[in-house]
Amino acid sequence: MEIFEGVWKEKKKLLTKNLVPGKRVYKEKLIKIKNIEYREWIPNRSKPAAGIMKGLKNFPLKKGIKILYLGLASSTTASHFSDIISKEGILYGVEISKRSLRDSLSVAEARGNIVCINKNARKPQDYPWVEKVDFVFQDIASNDQPEILIRNCKTFLKPGGYAMLSLKSRSMNVVKEPKDVYKEVGEKLKKEFKIIEKVELDPYEKDHMLFVLKWK
Ligand SMILES: C[S@@+](CC[C@H](N)C(=O)[O-])C[C@H]1O[C@@H](n2cnc3c(N)ncnc32)[C@H](O)[C@@H]1O
């Protein structure tokens, strides 16, 4: 059953339609249903998938949209976003580590809708050529997660666009109770965004909250 545009749930597994049939990106299973190949989207490996398994109701991705992805790593999650937006869409992925980005380069080459950017997401002025996007996703474990997101949205997000923040409480503050950290970050985000939804990712990711946001 298609639960969001481009995302299926079959036998308790999340699936996206494989943009490059026959090719895996990580250890995901390839599953054929009525002659169409899908890739299993594993919630222990990807925070938005964990959010969906935890009952997320708002997932603002669609075929053809433009995405700015902060913290691309080796494109595990980005590859599923790439399936959903398909060839008509584009995903700009910013990653500071050359080592992680190396794995993403072959994924990007095979898929044709991922652009790898080896830059620091704290400095959006270092990738000014990126076009305006419909959606910004951020998964960088640091103590300035909301600021990094806001700075990038100010530069690249279209008015009324959406963002998603995967917040790691222990990176913001090791000793503070996660619920206090979520509240504090929520207050900061409210100044710039409408908070559409938030979902705790335990037990898939301990002490993480996924925020779905709309740019004011
Ligand atoms: C939790 S991992 C991302 C996992 C990925 N989102 C996924 O689901 O496949 C965080 C990534 O952010 C990168 N990172 C950390 N600080 C960064 C920064 N300032 N700018 C860009 N990337 C950064 C790290 O190198 C790491 O690859």
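Remember, it's 1-based here, ligands and their atoms both numbered in the order they're listed.
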Identity of the nearest option to atom 24 (C) of ligand 1, non-hydrogen atoms only, from H80, Q138, E95
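Checking each option, the heavy atom nearest atom 24 (C) of ligand 1 is found in E95.
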Any idea which of G71, A141, S79, S142 brings a heavy atom closest to atom 3 (C) of ligand 1?
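Of the listed residues, G71 has the closest heavy atom.
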Between W8 and Y38 (judged by ring centroids, cut-off 6.0 Å), do the two rings come close enough to count as a pair?
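Yes; Y38 has its ring centre under 6.0 Å from that of W8.
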Tell me if the centroids of the rings in F156 and Y127 come within less than 6.0 Å of each other.
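Yes, the ring of F156 comes within the 6.0 Å limit of the ring of Y127, centre to centre.
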Answer yes when [X] and [Y] have at least one side-chain N-carboxylate O distance shorter than 4.0 Å, and no when they do not.
X	Y	result
K66	D134	no
E10	K13	no
E28	R39	yes

Sub-4.5 Å side-chain heavy-atom contact between E197 and L210:
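The answer is no, as the side chains (C-beta and beyond) never meet within the 4.5 Å cut-off.
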Just let me know how K119 lines up against ligand 1, side chain, backbone, both or neither, with a heavy-atom cut-off below 4.0 Å.
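Backbone only.
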Ligand 1 contact by K168, heavy-atom criterion under 4.0 angstrom
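Heavy atoms of K168 never come under 4.0 Å of ligand 1.
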Protein residue, atom and distance nearest to [atom], heavy-atom basis:
atom	answer
atom 23 (C) of ligand 1	I96 CG2, 3.5 Å
atom 16 (N) of ligand 1	I140 CG2, 3.5 Å
atom 10 (C) of ligand 1	D139 O, 3.2 Å
atom 19 (N) of ligand 1	N120 OD1, 2.8 Å
atom 6 (N) of ligand 1	Y69 OH, 2.6 Å

Taking the six-membered ring of Y162, is NZ or CZ of K214 closer than 6.0 Å to its centre and within 45° of its axis?
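Judged by the rule (NZ or CZ under 6.0 Å from the ring centre, within 45° of its axis), K214 counts as positioned above Y162.
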Check ligand 1 against [X] and write out every atom of the ligand that is under 4.0 Å from a heavy-atom position of the residue.
X	value
R122	19 (N)
S97	25 (O)
A121	18 (C), 19 (N), 20 (N), 21 (C)
K47	1 (C)

Give a yes or no on whether the backbone of E95 and the side-chain of N118 come within a donor-acceptor separation of less than 3.5 Å.
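Checking the backbone N and O of E95 against the side chain of N118, a donor-acceptor pair under 3.5 Å is found.
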